[in-house]
Amino acid sequence: MAQADSDGMTAFFGQMTGGSTAISALAASNAEYQKQIDPRIKAVVAFAPWGMERGVWDATGLAGLKKPTLFVAGDQDDISGYEKGIKAIYEGAVNADRYLLTYKNARHNVAPNPPPAEALQPGLHIDEYYRYAEPSWN
């Protein structure tokens with residue numbers, strides 16, 4: 001999958017890590033990174049992709065996505081956002097054959113479904129379960 005642009009992602013990463021620029025090596029604008037893209041990857045499934053609402057993605061970075069991509073989203077995603085988040089990433093990936101599967105009334109927690117056994121132990125708060133799963137995805 002194409003990486004975020006060098007300005008948005010590196011700025012965000014720098015804020016989160018106290019100024020580190022280590023992520024620059026994975027920016028779409030980095031020619032060396034482009035040479036490392038694995039040709040065996042033929043398609044992408046992106047579960048609730050994050051970052052659009054935080055300025056991590058831009059038009060250039062999204063245009064770099066050229067592999068067929070299935071985006072899986074919940075229309076109530078409270079982490080990645082739906083309209084201005086996942087759906088905006090989907091709409092911006094103009095150079096990829098792309099599809100968007102939207103679960104109605106679903107939030108963000110899709111990828112690790114079902115939750116691990118540890119989250120189902122007696123006495124835990126229900127949030128331990130909802131960190132990993134939610135009924136809409138079932």
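This is a predicted model, so every value here is computed, not measured.
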So salt bridge (charged side-chain N to carboxylate O under 4.0 Å, His left out) across residues 13-30, not counting sequence neighbours, yields none
Looking only at atom types and distance, does a side-chain atom of N95 sit under 3.5 Å from a main-chain N or O of L65, one as donor and one as acceptor?
no
Sort and list the pairs that fulfil salt bridge (charged side-chain N to carboxylate O under 4.0 Å, His left out) and have at least one residue in residues 92-103, not counting sequence neighbours.
none
Decide whether D77 and H108 meet the rule of one side-chain donor and one side-chain acceptor closer than 3.5 Å.
yes
Looking only at atom types and distance, does a side-chain atom of S20 sit under 3.5 Å from a main-chain N or O of G14, one as donor and one as acceptor?
no
Sorted by chain and residue number, the side chain to side chain donor-acceptor pair (under 3.5 Å) partners of T102 (sequence neighbours excluded) come out as Y82
Which salt bridge (charged side-chain N to carboxylate O under 4.0 Å, His left out) pairs, counting each pair once, include a residue from residues 40-53, with sequence neighbours left out?
D38-R40
Would you name the heavy atoms of S80 and A48 that are closest together and state the gap between them?
OG-O, 3.0 Å
Which residues satisfy the side chain to side chain contact (heavy atoms under 4.5 Å, CB included) test with L70, sequence neighbours excluded?
V45, V72, Y99, L101
Residues passing the side chain to side chain contact (heavy atoms under 4.5 Å, CB included) test with T21, sequence neighbours excluded, are S24
Taking atom CE of M52 and atom CG of L62, what is their separation to the nearest 0.5 Å?
5.5 Å
How far apart are the C-alpha atoms of E83 and D75, what are their side-chain angles, what is the distance that settles it, and do they pass the side-chain contact (heavy atoms from CB on, under 4.5 Å) test?
CA-CA 8 Å; E83 290 291 335; D75 70 352; over 6 Å; no
With sequence neighbours left out, the residues meeting side chain to side chain contact (heavy atoms under 4.5 Å, CB included) with A43 are P68
Please tabulate, for the side chains in residues 84-94, all donor-acceptor contacts under 3.5 angstrom to protein atoms that are two or more places apart in sequence or on a different chain.
none

Given F71 and V44, is the side-chain contact (heavy atoms from CB on, under 4.5 Å) satisfied, shown in steps?
CA-CA 8 Å; F71 294 91; V44 175; over 6 Å; no
Minimum heavy-atom separation for E118 and L124, please, with both atom names.
O-CD1, 3.1 Å
Pairs meeting criterion salt bridge (charged side-chain N to carboxylate O under 4.0 Å, His left out) with involvement of residues 14-36, two or more places apart
E32-K35
